[in-house]
Amino acid sequence: QVQLVESGGGLVQTGGSLRLSCAASGRTFSMYAKGWFRQAPGKEREFVAAISWSGDSTYYADSVKGRFTISRNNAKNTVYLQMNSLKPEDTAVYYCAADKSPWGTVVRVLYVYWGQGTQVTVSS
């Protein structure tokens, strides 16, 4: 069993930065690929970024490429999402998720563990 807890959300102005963290419990955390998703009011939950178990492979949605960076520290059982040059359209609840495969995927339904989410609000 894996439990995920996100932190680091908040209110920031356009152009600002935030760093989200996702702390995981469970001894097999380091073997799972991880992803970040987001859901804005009235919209579907969408893929943001993913990282393989080793950290060697990363994937990004086109809307965040070049602005967001996903990383992980398996020794700390934590995955991060560094968000720079934030825009109002980035406003959403951000969710951390774990995929039992080690490779990483953009496919939401393949993620089996989810955190509760953290709110990110970008003011214009």
Side-chain angles (χ1 to χ4, degrees):
Q1 185 72 16
V2 174
Q3 292 185 324
L4 306 172
V5 178
E6 303 95 336
S7 62
L11 173 64
V12 64
Q13 291 185 333
T14 296
S17 298
L18 283 174
R19 188 194 197 200
L20 304 184
S21 298
C22 173
S25 62
R27 58 182 179 176
T28 57
F29 170 84
S30 62
M31 299 176 64
Y32 295 171
K34 300 297 181 295
W36 286 96
F37 289 76
R38 66 186 182 187
Q39 188 167 18
K43 294 189 176 181
E44 295 280 325
R45 190 172 299 188
E46 64 175 3
F47 169 77
V48 175
I51 188 167
S52 63
W53 73 272
S54 65
D56 289 345
S57 297
T58 56
Y59 311 88
Y60 296 95
D62 288 343
S63 59
V64 306
K65 204 169 292 183
R67 300 187 297 123
F68 290 12
T69 303
I70 188 171
S71 61
R72 66 190 295 164
N73 185 328
N74 288 339
K76 294 185 177 181
N77 281 358
T78 303
V79 63
Y80 306 97
L81 185 67
Q82 178 67 44
M83 306 186 295
N84 299 327
S85 302
L86 283 161
K87 305 174 182 179
E89 50 264 45
D90 294 318
T91 295
V93 177
Y94 282 71
Y95 297 90
C96 175
D99 168 15
K100 279 192 171 181
S101 80
W103 304 288
T105 178
V106 305
V107 181
R108 184 183 67 185
V109 296
L110 296 180
Y111 287 85
V112 295
Y113 302 110
W114 291 85
Q116 298 283 38
T118 185
Q119 176 70 47
V120 171
T121 303
V122 185
S123 63
S124 57

Please determine whether a side-chain nitrogen of the Lys or Arg among Asp62 and Lys65 lies less than 4.0 Å from a carboxylate oxygen of the Asp or Glu. yes

Using a cut-off of 6.0 Å, state whether more than 12 heavy atoms not belonging to Gln119 lie near its atom CD. yes

CD/Gln3: more than 12 non-hydrogen atoms of other groups inside 6.0 Å: no

What is the distance from atom [atom1] of [X] to atom [atom2] of [Y], rounded to the nearest 0.5 Å?
X	Y	atom1	atom2	answer
Thr14	Asp90	OG1	CG	9.0 Å
Arg38	Glu44	CZ	CD	14.0 Å
Ser57	Ile51	OG	CD1	9.0 Å
Ile70	Met83	CD1	CE	12.0 Å
Phe37	Tyr94	CZ	OH	13.0 Å
Leu20	Phe68	CG	CZ	8.0 Å

Side chains of Asp99 and Thr105: donor-acceptor distance under 3.5 Å anywhere? no

Would Arg45 count as a cation-pi partner of Trp114, with NZ or CZ less than 6.0 Å from the six-membered ring centre and within 45° of the ring normal? yes

Looking at every heavy atom in both [X] and [Y], which two are closest together, and how far apart are they?
X	Y	value
Cys96	Val79	SG-CG1, 3.7 Å
Ala98	Tyr32	CB-CD1, 4.2 Å
Gly115	Tyr95	O-CD2, 3.6 Å
Leu4	Cys22	CB-SG, 3.9 Å
Gly8	Leu18	O-CD2, 3.8 Å
Arg72	Ser52	NH1-O, 2.8 Å

Run the side chain to side chain donor-acceptor pair (under 3.5 Å) test on Thr78 and Asn73 for me, step by step, so that the C-alpha distance in whole Å, both residues' side-chain angles and the decisive distance to 0.1 Å come before the verdict. CA-CA 5 Å; Thr78 303; Asn73 185 328; over 6 Å; no

Mark yes or no for whether [X], through its side chain, and [Y], through its backbone, hold a donor-acceptor pair below 3.5 Å.
X	Y	result
Gln82	Thr69	no
Thr121	Leu11	no
Glu6	Ser21	no

Is there side-chain contact between Lys100 and Tyr113, with at least one heavy-atom pair below 4.5 Å? yes

Run the ring-centre check on Tyr60 versus Phe47 and record whether the distance is less than 6.0 Å. no

Membership question, hydrophobic clusters at under 4.5 Å side-chain separation (ILVMFWY): are [Y] and [X] in the same one?
X	Y	answer
Val12	Val64	yes
Tyr59	Val109	yes
Tyr111	Val106	yes
Val112	Met31	yes

